[in-house]
Amino acid sequence: MMTAERPPTEFESRVYDALQLVPRGKVTTYGLMARYLSCGSPRAIGQALRRNPFAPETPCHRVVNANLTIGGFFGTVKGTPIERKRNLLLNEGVIFRKDGSIDPACCYRFDE
DNA sequence: CACCTGACATAAT
DNA sequence: AATTATGCCAGGT
């Protein structure tokens with residue numbers, strides 16, 4: 001077994017903190033978070049979430065793509081984790097459209 | 001220290 | 001409208 005849990009960096013902590021701001025039943029996008037953190041690169045957000053050692057504890061499943069697609073989960077953009085992510089969002093009240101995209105009304109905009 | 005990868009985004013073709 | 005190319009930031013090797 002490998003207890004190789006690296007300590008979260010300051011940037012990762014920022015991402016997690018912003019994630020905590022997302023209300024249940026809603027979702028945000030990598031780009032919006034990147035802007036909120038002044039990161040400028042949504043890729044870094046995905047990197048931080050991928051390294052997220054705190055699964056559902058941190059609402060990392062509430063982060064989707066800018067085009068309101070399901071996005072990825074647990075380091076993958078396809079597979080069982082993705083279905084689980086969709087199930088979690090549905091369980092929280094997020095509305096999915098027929099094409100698999102998320103209802104724009106469920107998109108949290110970090111307005112404040 | 002330099003290069004590569006990655007749960008994206010946006011623009012151009 | 002769809003696909004391709006480039007940009008950006010941080011972490012890992």
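Worth saying up front: this structure is predicted, and the values here are computed from it rather than measured.
Rounded to an integer number of Å, the gap from CD1 of A:I45 to P of B:dA9 is 10 Å. A:R86 has its CZ atom 20 Å from the P atom of B:dA7, to the nearest Å. Distance A:R50 CZ to B:dG6 P: 7 Å, rounded to the nearest Å.
Shown here for A:Q20 and A:P59, the closest heavy-atom pair between the two residues is NE2-CD, 3.9 Å. Across every non-hydrogen atom of A:A44 and A:C39, the tightest pair is CB-SG, 3.5 Å.
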Letter by letter from the 5' end, nucleotides 6-13 of chain C scores (B base, S sugar-phosphate only, - none; protein heavy atoms under 4.0 Å) -BBBBSS-

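Remark: side-chain polar atoms of A:T76 are paired, donor with acceptor, to backbone N or O of A:K78 under 3.5 angstrom. Of the possible polar contacts, one joining the A:Y16 side chain to the A:A48 backbone as a donor-acceptor pair under 3.5 Å is found.
A 4.5 Å side-chain heavy-atom check between A:K26 and A:V94 finds every atom pair outside the cut-off.
DNA chain B is contacted by no residue of residues 88-110 of chain A, taking any non-hydrogen atom closer than 4.0 Å. Heavy-atom distances under 4.0 Å link DNA chain C to no residue of residues 20-33 of chain A.
Linking ILVMFWY residues whenever their side-chain heavy atoms come closer than 4.5 Å, directly or via other members, leaves A:L68 and A:I95 in distinct clusters. By the criterion of side-chain heavy atoms lying less than 4.5 angstrom apart, applied directly or through intervening Ile, Leu, Val, Met, Phe, Trp or Tyr residues, A:F110 is grouped together with A:F11 in one hydrophobic cluster. One hydrophobic cluster holds both A:Y108 and A:L49 under the rule that ILVMFWY side chains link at heavy-atom gaps under 4.5 Å.
Of the two residues contacting DNA chain B, namely A:R35 and A:V63, the nearest-nucleotide position lying further toward the 5' end is that of A:V63.
Between B:dA9 and A:N65, a contact under 4.0 Å exists linking OP1 or OP2 to a side-chain N or O.
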Please produce a list of atom pairs where a protein N or O lies less than 3.5 Å from an N or O of nucleotides 11-13 of chain B.
none

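Remark: A:I82 engages A:I70, A:F73 in a side chain to side chain contact (heavy atoms under 4.5 Å, CB included) (not counting sequence neighbours).
Listed by first and then second residue, the salt bridge (charged side-chain N to carboxylate O under 4.0 Å, His left out) pairs that reach into residues 79-92 of chain A are A:R62-A:E92, sequence neighbours excluded.
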Criterion side chain to side chain contact (heavy atoms under 4.5 Å, CB included) on A:T29 and A:C107, from CA distance to verdict | CA-CA 8 Å; A:T29 74; A:C107 180; 4.2 Å; yes

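Exactly one residue among A:V15, A:D17, A:L32 makes a side-chain contact (heavy atoms from CB on, under 4.5 Å) with A:L37. That residue is A:V15. With respect to A:V27, the side-chain contact (heavy atoms from CB on, under 4.5 Å) criterion is satisfied by exactly one of A:N65, A:V22, A:V64, A:V63: A:V64.
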